[in-house]
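This report concerns only the one structure given below.
Side chains are part of it too, since the values below use all heavy atoms of this structure and drop only hydrogens, waters and symmetry mates. Since this is a predicted model, take the numbers as computed values, not measurements.
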Protein chains: 2
Amino acid sequence: MTTVDDIDVSQLKEINSLEGSLAQRVYLSLKDAILTLAFPPGAILRKGAICEALGVSRSPVSEAIARLSAEGLVDVIPQSATRASYFSMEEIREGAFLREALELAAVGKVARDCTDEQIAKIRRNFRMQLLSIEDGDFAGFYQSDEEFHAMLMEFTGYSRLKALSQMVSLQVTRARMILLPSPGRAGETVEEHRAIVDAITDRDPARAQAAMQAHLAQLVMRLAPLETERPELFRP
Amino acid sequence: MTTVDDIDVSQLKEINSLEGSLAQRVYLSLKDAILTLAFPPGAILRKGAICEALGVSRSPVSEAIARLSAEGLVDVIPQSATRASYFSMEEIREGAFLREALELAAVGKVARDCTDEQIAKIRRNFRMQLLSIEDGDFAGFYQSDEEFHAMLMEFTGYSRLKALSQMVSLQVTRARMILLPSPGRAGETVEEHRAIVDAITDRDPARAQAAMQAHLAQLVMRLAPLETERPELFRP
DNA sequence: CTTGTCGTACTAACATGTTAGTTGACGTAT
DNA sequence: ATACGTCAACTAACATGTTAGTACGACAAG
């Protein structure tokens with residue numbers, strides 16, 4: 001009934017517009033395609049096709065795929081094929097757990113040690129979120145939301161934390177793509193953010209952590225029904 | 001005064017005794033050499049020499065080095081060389097912070113959700129630790145200690161957690177190699193472990209987390225003087 | 001119609017060849 | 001002696017050739 005399963009069409013992001021080594025650019029291009037679901041779960045990644053589409057040899061593609069495999073975005077079937085990994089509610093829960101662990105530690109440290117200027121920057125970002133909501137600008141809100149979390153990571157002073165947090169929650173990020181942004185949810189989100197910002201302003205680590213925990217729990221709750229609603233994205 | 005700096009002698013672990021793909025075995029061999037300080041910080045890793053010593057081509061070696069680079073165990077100088085990374089107290093502190101974040105989350109979840117059999121296993125491991133101490137068997141205690149933490153990670157049910165925790169604290173693990181095991185410290189360690197085990201037995205997450213936090217803080221404290229005591233291991 | 005075997009076509013994994021950029025030594029001028 | 005420009009040797013990064021293992025369809029047997 002199935003032809004062979006899925007085949008990958010190559011509408012990859014042009015690698016010339018990216019920076020870094022060839023392998024790095026190929027990695028970013030493939031990662032983008034997987035996260036945006038241009039390569040849906042189960043799609044087969046053909047090295048040959050990718051090389052041709054991007055105009056590079058197999059070396060940088062191999063390195064890129066090795067990294068994606070380490071991050072769990074692709075499943076490499078030895079000596080056979082590599083496919084975009086399927087969703088797995090267990091992996092999503094695990095990613096959310098790990099992200100929570102890191103974000104709680106981060107927000108706790110920030111509430112404890114951050115400078116007045118950093119608090120001011122956080123509050124400025126928060127006002128930006130409010131403006132985006134008022135304008136109904138979902139794209140802008142999404143961006144400010146990302147910046148909000150990234151800012152907290154950076155203000156810990158630990159350089160790897162941000163990248164690590166993004167890495168562990170890649171599956172969550174990908175699953176989040178399915179969720180449609182709703183006005184109601186954006187309003188709730190911003191209120192959850194407000195609780196976090198206020199706790200940080202009061203330099204109250206425990207309260208900031210509790211607020212962050214409540215905030216992150218919402219995402220998992222919204223993700224849970226996905227398994228029954230979109231079973232084709234999950235492993236057969 | 002310095003010849004060229006450091007050169008790498010190849011007393012690498014034989015790759016035939018390991019399992020997995022060639023690249024995986026090469027990776028494990030190199031990682032072991034770096035963690036045991038057979039390749040001291042600053043030592044130059046020459047692809048050619050490594051290929052010859054292990055009897056493989058450059059492909060698996062390149063992949064192995066790419067992974068080590070991602071984990072921060074080697075610094076790749078583009079188009080030039082790759083060396084075993086120097087210690088950095090900042091990175092060690094960051095590794096300890098990340099590890100703490102993950103272990104606290106893990107021990108909290110375990111204290112909350114684990115089964116009676118799992119508690120029994122933890123207590124069994126703890127008794128093993130006590131026996132090793134009594135016998136003055138430091139190697140045995142070290143191994144039980146590792147198992148203790150690994151066990152907590154596994155009992156969360158999250159498969160990637162253990163590997164991730166080990167990965168983020170690689171620098172800490174390497175620095176720990178310098179610390180000599182002392183009978184006094186082993187005794188303290190086991191008492192810190194006892195507090196954790198008791199809290200888990202009582203299924204008291206908050207107390208288990210506090211005990212774990214106290215335990216992990218000890219290691220950072222013992223690592224701190226290293227920067228002045230062994231400056232040659234740190235970046236010039 | 002089901003089940004098992006064989007063979008082919010395709011792939012990842014590994015080996016090797018090529019390119020281009022960096023480093024550091026050496027000679028030269030100051 | 002010291003600062004600087006040149007150049008040769010070495011390296012990572014990239015390209016390409018080779019090997020061997022897997023999946024899948026055709027076909028035969030039950």
(message) Nearest whole Å is fine: how far is C:dA13 P from B:E63 CD?
(response) 7 Å
(message) Given the structure, check if the side chain of A:S59 and the base of D:dA15 hold any donor-acceptor pair shorter than 3.5 Å.
(response) yes
(request) Starting from P on D:dT16, measure out to CD on A:E52 and report it in whole angstrom. (result) 13 Å
(request) Could you tell me which non-hydrogen atom of A:L216 sits nearest to which non-hydrogen atom of A:H149, and how far apart they are? (result) CD2-CE1, 4.5 Å
(message) Would A:R185 and A:D145 count as a salt bridge (Lys or Arg N to Asp or Glu O under 4.0 Å) here? Give the steps.
(response) CA-CA 13 Å; A:R185 178 56 198 152; A:D145 187 348; over 6 Å; no
(message) Is there a side-chain contact between B:S57 and the phosphate of C:dA15, meaning an N or O under 4.0 Å from OP1 or OP2?
(response) yes
(request) Would you classify A:S62 as touching base, sugar-phosphate or nothing, given that sugar-phosphate means primed atoms plus P, OP1 and OP2, and contacts are heavy atoms under 4.0 Å? (result) nothing
(request) Take atom CG of A:D75 and atom P of D:dA23, then tell me their distance rounded to the nearest Å. (result) 14 Å
(message) So does A:E91 get a backbone contact from the side chain of A:S88, meaning a donor-acceptor N/O pair under 3.5 Å?
(response) yes
(request) Write down the distance between CD1 (A:I44) and P (D:dC24), rounded to a whole number of angstrom. (result) 8 Å
(message) Output the rounded distance in Å from CG (A:L45) to P (C:dC10).
(response) 18 Å
(request) Nearest whole angstrom, please: distance from the C1' of D:dA13 to the CD of B:Q79. (result) 6 Å
(message) Using whole Å, what does the distance between atom C1' of nucleotide C:dT11 and atom CZ of A:R58 come to?
(response) 10 Å
(message) Checking side-chain polar atoms at under 3.5 Å, does A:R25 have a donor or acceptor matched by the opposite partner on A:S29?
(response) no
(message) Looking at A:E232 and A:R230, is there a salt bridge between them, counting it only when a charged N and a carboxylate O are closer than 4.0 Å?
(response) yes
(request) Please report, rounded to the nearest Å, how far the C1' atom of D:dA23 is from the CD1 atom of A:I77. (result) 10 Å
(request) Would you indicate, yes or no, if D:dT11 has its OP1 or OP2 atom less than 4.0 angstrom from a side-chain nitrogen or oxygen of B:R46? (result) yes
(message) Here's a test of your reading of the structure: between A:S80 and A:G55, which maps to the more 5' nucleotide of DNA chain D?
(response) A:G55
(request) Between B:P60 and A:G48, name the one whose nearest nucleotide on DNA chain C is closer to the 5' end. (result) A:G48
